[in-house]
Asks: 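Before anything else, here's the structure in question.
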There are 2 protein chains.
Amino acid sequence: MVTNEDKNNLVNLAYVALKRDITEGVYRPGDKLLMRSLKERYEIGSGPMREALSRLVSERLVTAISQRGFRVASMSIDELTDIYFARAHLEAMITELAVKLGDESWEASVIASAHTLSRVTQVHSAEDMLGLWDARHKAFHLAIAQGCGSPKLLELRLTMLDQAERYRQLWLRHTVFSADALEAKREEHRHLIEVLLSRDHAKARDLMFQHMTGPVTIISEVIAARDLAGDE
Amino acid sequence: MVTNEDKNNLVNLAYVALKRDITEGVYRPGDKLLMRSLKERYEIGSGPMREALSRLVSERLVTAISQRGFRVASMSIDELTDIYFARAHLEAMITELAVKLGDESWEASVIASAHTLSRVTQVHSAEDMLGLWDARHKAFHLAIAQGCGSPKLLELRLTMLDQAERYRQLWLRHTVFSADALEAKREEHRHLIEVLLSRDHAKARDLMFQHMTGPVTIISEVIAARDLAGDE
DNA sequence: TTTTTCAAAAATATCTACATTTTTAGGTAC
DNA sequence: GTACCTAAAAATGTAGATATTTTTGAAAAA
């Protein structure tokens, strides 16, 4: 049987669609999410719609105030800084564990995903290229993290990745569409792999921390320029 | 105005009540959560009830399978080990940051909450004593963690604490009701504070890691003895 | 006899339509 | 401008309709 284990219900469809709409900016930070228009857009009743919203609340992408409905969570430089601080420390810790505990097959999968990432070229349209690079970049970092061997740590890592997603999108365009920035990332990745394979866990930890905090400056500038930081 | 900001709706009441029922063992690991009986017990319709369940799913206390309803999440030695492994590493990392970044008021609040904890005595009933010690013990560790200064890291910490809660309950009775175990914990806490105040972050980190992994052995034994680990 | 198959019935989960409650907006008097 | 009342809009909740899964029991096969 190849059918999906579960998740074939309207709630999940609405959840996925709304999540994408929020991270892609169809709904912007601070926007009111009116039940009437959500019902129409996602073709679903209020009950299931509330359930989908409720999930996004627990992922911090939506905020809820009792009797006053739902809003897209605001964005701010403060939150950006905190998310990336937490994420960098977490990822650095996981990397240290991976270097200490990862076996040969871990090394192999890191190298394989790095190779796959390096082969993303301009053959596709710009937008496709962006999506492909993003997916493979995520896969590369996941491969590294999986060396830690702890499902719960990987889960925590994913919740932080989700929360960073809207900020990451701002950085992504800035990086992928700049030949210089892209080459700089390539070099960082090469260096990272070298240190990982050398099994120097302290150095790997520090390097990953740096790698993760790098984007903060760029993202701050974009937020300031576009005035995405909501004034509530 | 001192009224609650929000959360005065049926969904939240059912959520809180069911969460307590699960962590207190009214519903046991693996139990089917029948919509009909939940509706009756919490006096609520299926829509809101689903929403409450959905929140518990995102906290990993309940599992959902599409079209087949909800169950209390199972417990296992494997999960225990992983949760405590992840939690210990996270808490150790946060402690290291707290020692590096915490200011004088942080030191003061750590000492204050340690004092409050040390004054829990047998004047109350055994069950009250358990609850009081648990609350103050949690407050003590929270005071330490808050020194890290990152709301997101504290949030991650809380999600792990929630996931550990059912396992912690097993350890709690074992510890609070044993004079020896309680005295050992007191000694660990004294030592911990000493190291925190000495600002030796590496030592503080290691000590916190140890402090967090200690309970695993005891809890494993209790699970094995009571056969709480579901055979799925 | 025991096991397997299968269809109907029962139980359960999911969703919609509508009723109720609360908040927001608009207008009027002070 | 502020306070207050009323009408409209919106959120929340219930009851019941629909769809899916599980159980039951009888017939067929081993």
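Letters A, B, ... are given to chains in the order of the sequence lines, protein chains preceding strands, and every chain is numbered from 1.
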Asks: Specify the separation, in whole Å, of atom CE of A/M49 and atom C1' of D/dA11.
Replies: 14 Å
Asks: Taking for each residue the nucleotide of DNA chain C with the nearest heavy atom, is it B/M35 or A/R68 whose nucleotide lies nearer the 5' end?
Replies: B/M35
Asks: Between C1' on D/dT20 and CZ on B/F70, what's the gap in Å once rounded to a whole number?
Replies: 15 Å
Asks: Take atom CG of A/L38 and atom P of D/dA10, then tell me their distance rounded to the nearest Å.
Replies: 12 Å
Asks: Please determine whether salt bridge (Lys or Arg N to Asp or Glu O under 4.0 Å) holds for the pair B/R55 and B/E51, giving the CA-CA distance in whole Å, both sets of side-chain angles, and the decisive distance to 0.1 Å.
Replies: CA-CA 6 Å; B/R55 280 210 238 168; B/E51 213 181 311; 5.5 Å; no
Asks: Between the protein and nucleotides 15-18 of chain C, which nitrogen or oxygen pairs are less than 3.5 angstrom apart?
Replies:
| unit_1 | atom_1 | unit_2 | atom_2 | d |
| --- | --- | --- | --- | --- |
| C/dC15 | OP1 | A/L10 | N | 2.7 |
| C/dT16 | OP2 | A/G45 | N | 2.9 |

Asks: What pair of heavy atoms forms the shortest contact from B/E79 to B/S76, and how long is it?
Replies: N-OG, 3.0 Å
Asks: Can you measure B/I65 atom CD1 to D/dT20 atom C1' for me and round it to whole angstrom units?
Replies: 14 Å
Asks: How are the rings of A/H137 and A/H189 set to each other: parallel, tilted or perpendicular (split at 30° and 60°)?
Replies: tilted
Asks: Round to a whole Å and report the spacing from CD of B/E40 to P of D/dT14.
Replies: 14 Å
Asks: Among B/R87, B/K138, B/R20, exactly one meets salt bridge (Lys or Arg N to Asp or Glu O under 4.0 Å) together with B/E165. Which residue is that?
Replies: B/K138
Asks: Expressed as a whole number of angstroms, how long is the span from B/K32:NZ to C/dT12:C1'?
Replies: 7 Å
Asks: Starting from C1' on D/dT22, measure out to CZ on B/R36 and report it in whole angstrom.
Replies: 14 Å
Asks: Salt-bridged, B/K100 to B/E96, with N to O below 4.0 Å?
Replies: yes
Asks: Looking at A/D162 and A/R60, does any basic side-chain N land under 4.0 Å from a carboxylate oxygen?
Replies: no
Asks: Using whole Å, report how far CG of B/N12 lies from P of D/dA11.
Replies: 18 Å
